[in-house]
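Here the structure comes first, spelled out in structure tokens, and everything after it is commentary.
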Amino acid sequence: MMLEIAVRHAFEQFTLDAAFRAPPGVTVLFGRSGSGKTTIVNAVAGLLMPKSGRIASSDWTLLDTAQGVRLRPHRRRLGYIFQEGRLFPHLTVRQNLNYGAWFAPKDAPRENMGRIMDLLGIGHLLNRRPGTLSGGEKQRVAIGRALLSAPRLILADEPLAALDEARKAEILPYFERLRDEVNVPVLYVSHSASEVARLATTVVALEAGRVVAQGPAAEVLGDPSVLPVGAREAGAVLTALVVRHHDDGLTELDAGGMLLFLPRVAAAPGSTLRVRIAAHDVILSRERPEGLSALNILPGLIHDVHSGDGPGAIVALDTAAGRVLARITRRSATGMGLEPGMTAHAIIKTVSVAVSDIGGGSACRANSMP
Amino acid sequence: MDWQALRLSLELAFVTTLLLMPVSLVCGRTLAFGRFRGRRLVEALVLLPLVMPPTVLGFYLLAGFAPSSSLGSLWQAMFGGTLAFSFPGLVLASLIVNLPFAIQPAQRAFEAIPRDVREAARCCGMSAMRALVRVEWPLAWPGIMTGLVMSFAHTLGEFGVVLMVGGNIPGETRTMAIAIYDRTQAMNHEAAAVMATMLMAISILTIVTALLFSNRIGRPHG
């Protein structure tokens with residue numbers, strides 16, 4: 001299913017005018033707070049009626065103001081995962097899950113309750129009330145409730161924003177499983193670069209109510225001119241295969257034929273990983289450096305040098321492992337004479353790659369395998 | 001002990017509470033979620049009986065109930081009797097007096113339901129009506145009940161408005177509160193004391209019930 005979304009709405013402070021496509025998988029609306037992400041999701045949910053817009057796939061129309069079609073929220077067949085779960089406080093976990101299922105159309109394809117409980121690890125919570133659950137548990141139940149309502153699309157509005165780092169690390173894998181094991185498209189709102197890098201099949205970058213870029217995750221995140229949450233958060237995503245774990249605490253990966261060493265990753269050899277390489281953790285060198293402590297050196301061709309307003313520049317380097325972004329000073333870029341088409345080496349310190357930037361699951365590259 | 005007065009008081013309290021239930025459900029929710037012009041004015045009007053002296057309120061109600069007024073004449077044309085100095089008139093007066101007691105807690109209870117929970121209900125496939133019955137009412141129930149219990153207790157003891165509107169007709173408008181006043185005037189302190197104790201016991205019981213309900217308001221949601 002390819003959902004096409006076009007929403008136009010005027011607020012006192014800003015105007016939202018966004019159009020994009022959400023193909024199967026996870027489509028992440030990526031931008032700062034106030035860029036219009038939540039407004040879009042609420043328009044899709046039917047909680048906000050935009051001035052004009054069209055939200056439809058080939059066989060499913062939620063909203064078409066030109067045709068006068070405005071489906072009411074409860075007829076849209078969506079699963080909405082809110083920032084803080086928002087379970088029904090007067091019901092047990094089991095009843096919350098059932099409420100998701102009860103009000104779905106009778107002929108809708110049903111998810112198996114047992115499978116969902118296994119997927120989310122919530123079987124032991126069934127008789128508890130939401131008030132007694134931890135933040136992470138609540139969010140897992142909320143995901144289950146959304147899944148069991150037989151949705152045609154799942155909406156998730158910053159579902160991890162209210163959780164601390166440990167809980168985020170606990171919940172993110174469930175969204176990865178949702179993406180890889182459940183055949184329901186997800187529209188996911190986030191302003192976190194590492195969440196986007198780990199989850200997104202498609203990225204829609206938003207700035208001040210407008211779509212500034214959209215496309216496969218590796219493409220959008222690897223574009224040095226698209227920085228929806230600022231240059232500080234720039235970083236490209238690589239897809240890599242786990243080769244083996246070493247005794248010294250490192251994991252060896254294969255990214256497009258290039259060797260990568262990362263801090264020990266909890267993934268079996270043979271499995272695919274997504275690794276976000278933060279641009280400010282990458283050093284560039286014209287020659288292949290010798291006698292360096294850094295373990296990962298990726299040679300490549302400079303695709304673009306993008307200078308911002310500040311002292312920094314972002315260099316996009318195409319390597320065999322994929323696109324890598326490096327954030328360096330403009331002074332260095334000028335001093336080294338960096339220009340598109342030139343060869344350079346990206347140097348990545350193994351320990352600089354954060355565990356939270358490494359995720360399991362499907363490839364982030366749609367078609368650009370080198 | 002004036003059993004007839006006790007029965008009348010309880011009847012009045014039950015009928016008033018029963019009639020107030022739908023009123024508090026509808027008005028409480030409308031005031032909590034409705035965004036319409038004049039909402040503040042309606043809120044103020046609902047609160048008015050709380051601050052108006054009972055005799056003043058009773059005076060105006062009596063004027064409104066008179067057969068010469070439009071309400072009084074309408075009532076007479078429909079049911080024959082007069083509103084003033086009758087049980088139906090007492091019920092109507094007591095409804096108005098108790099509006100703030102019933103509506104305010106219900107409104108607060110509806111307001112305490114997080115917006116996201118209501119939206120979650122809609123997004124779970126519930127129609128507005130189902131969300132109301134399945135999610136909003138159960139969550140607002142403690143507040144609604146608190147309001148109704150307060151109205152019940154308040155009706156049992158209401159004196160000023162009842163005396164103004166109903167007078168002191170045995171079996172028709174002589175409630176416990178009036179009967180106590182009546183006996184005290186007649187220097188029958190023993191009978192007054194027995195009835196006062198009775199009312200006190202009922203009041204304590206209702207307050208305890210109300211507190212039990214209100215303890216459940218605003219329990220952590222979510």
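- Under the 4.5 Å side-chain criterion, counting only non-hydrogen atoms from C-beta, Q83(A) is not in contact with D116(B).
- Annotation for F159(B): atom CZ counts as buried by contact number, over 12 foreign heavy atoms lying within 6.0 Å.
- In this structure, the side chains of L47(A) and C123(B) come closer than 4.5 Å at one or more pairs of heavy atoms.
- No part of R76(A) comes within reach of chain B, as not one of its non-hydrogen atoms sits under 4.5 angstrom from that chain.
- Looking at R75(A), there are no atoms closer than 4.5 Å to chain B (heavy atoms on both sides), in backbone or side chain.
- Using a 4.5 Å cut-off between heavy atoms, A121(B) touches chain A through backbone and side chain atoms alike.
- For L78(A), the part sitting under 4.5 Å from any heavy atom of chain B is the backbone (N, CA, C, O) and nothing else.
- Counted within 6.0 Å of CZ on R7(B), heavy atoms from surrounding residues, nucleotides or ligands total 12 or fewer; the atom is thus considered open.
- In this structure, M200(B) places its CE atom where only 12 or fewer heavy-atom neighbours from other residues, nucleotides or ligands lie under 6.0 Å away.
- Counting only distance, with no hydrogens or angles, the side chain of H90(A) and the backbone of R134(B) share a donor-acceptor pair below 3.5 Å.
- Around CZ of R35(B), the count of heavy atoms belonging to other residues, nucleotides or ligands within 6.0 Å exceeds 12.
- Interatomic distance, OH of Y80(A) versus SG of C124(B), reported as 12.5 Å (0.5 Å rounding).
- No more than 12 heavy atoms of other residues, nucleotides or ligands shown are found within 6.0 angstrom of CE on M150(B).
- Taking CZ from F82(A) and CD from E119(B), the interatomic distance works out to 5.5 Å, rounded to the nearest 0.5 Å.
- Within a 6.0 Å sphere centred on CZ of F33(B), heavy atoms belonging to other residues, nucleotides or ligands number more than 12.
- Looking at W102(A) and M126(B), their side chains never come closer than 4.5 Å, going by heavy atoms from C-beta outward.
- For chain A, the nearby part of R130(B) is the side chain; its heavy atoms alone come within less than 4.5 Å.
- Open room surrounds OH on Y181(B); 12 or fewer heavy atoms of other groups in view lie less than 6.0 Å from it.
- Across every non-hydrogen atom of V117(B) and L87(A), the tightest pair is CG2-O, 4.0 Å.
- Considering only heavy-atom pairs separated by less than 4.5 Å from chain A, the leading option among A128(B), P138(B), A120(B) is A120(B).
- The 12-atom threshold is not exceeded at CZ of R8(A), counting heavy atoms of other residues, nucleotides or ligands nearer than 6.0 Å.
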